[in-house]
Amino acid sequence: GLRTVAGSPLTRPVPVEGVLKLTAQDGDGLKLEENLSGQGVQAAIRYTLSRTSGLVENQERSLIAGGQILVESRSLKPSPE
């Protein structure tokens, strides 16, 4: 199990619990998924973690709080030198 706190955009920290699981291994990346819930909040986070750099390369989060659904996506790319 996993315990953490869901914060922004909730404006206040909310304790959540759930699971983190490895869903796939794709070349240099590990695909992970977290499903968390607590006190009227549900969060699902899917991301790809680089085995080489240890950085999160892609991330998608969905959050349900008070009946409102919020979705956020991020992609990290190397900086041009």
K.L.:
In the structure I gave you, are the side-chain heavy atoms of Val16 and Ser37 within less than 4.5 Å of one another anywhere?
P.N.:
no
K.L.:
If hydrophobic clusters are built from ILVMFWY residues whose side chains come within less than 4.5 Å, do Ile69 and Leu36 share one?
P.N.:
no
K.L.:
Between atom CZ of Arg46 and atom CD of Glu33, what is the distance when rounded to the nearest 0.5 Å?
P.N.:
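Reported value, rounded in 0.5 Å steps: 4.5 Å.
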K.L.:
May I ask you to test the Val41-Leu63 pair for a side-chain heavy-atom distance under 4.5 Å?
P.N.:
yes
K.L.:
A side-chain contact here means heavy atoms from C-beta on lying under 4.5 Å apart; do Arg51 and Gln25 qualify?
P.N.:
yes
K.L.:
Looking at Val71 and Ser62, what are the two nearest heavy atoms and their distance?
P.N.:
CG2-CB, 4.2 Å
K.L.:
Cluster question for you: counting only ILVMFWY and a side-chain heavy-atom cut-off of under 4.5 Å, with indirect links fine, are Tyr47 and Leu55 together?
P.N.:
no
K.L.:
With sequence neighbours left out, what residues match Asp28 under side-chain hydrogen bond (donor to acceptor under 3.5 Å, both in side chains)?
P.N.:
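Scan of Asp28 (side-chain hydrogen bond (donor to acceptor under 3.5 Å, both in side chains), adjacent residues dropped) gives Ser50, Thr52.
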K.L.:
With heavy-atom distances below 4.5 Å as the criterion, would you say the side chains of Leu20 and Asn35 are in contact?
P.N.:
no
K.L.:
Are Leu49 and Leu32 packed together at the side-chain level, in the sense that at least one heavy-atom pair is separated by less than 4.5 angstrom?
P.N.:
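Answer yes - side chains close enough.
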K.L.:
Within this structure, what is the CD-OG distance for the pair Gln59 and Ser75, rounded to the nearest 0.5 Å?
P.N.:
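Gln59 CD to Ser75 OG: 10.0 Å, rounded to 0.5 Å.
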K.L.:
Yes or no on salt bridge (Lys or Arg N to Asp or Glu O under 4.0 Å) for Arg74 and Glu72, after CA distance, side-chain angles and deciding distance?
P.N.:
CA-CA 7 Å; Arg74 301 181 193 187; Glu72 175 185 42; 3.5 Å; yes
K.L.:
First locate atom OG1 of Thr48, then atom CG of Leu30, and finally report the distance between them rounded to the nearest 0.5 Å.
P.N.:
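Going from OG1 on Thr48 over to CG on Leu30, the span is 9.0 Å.
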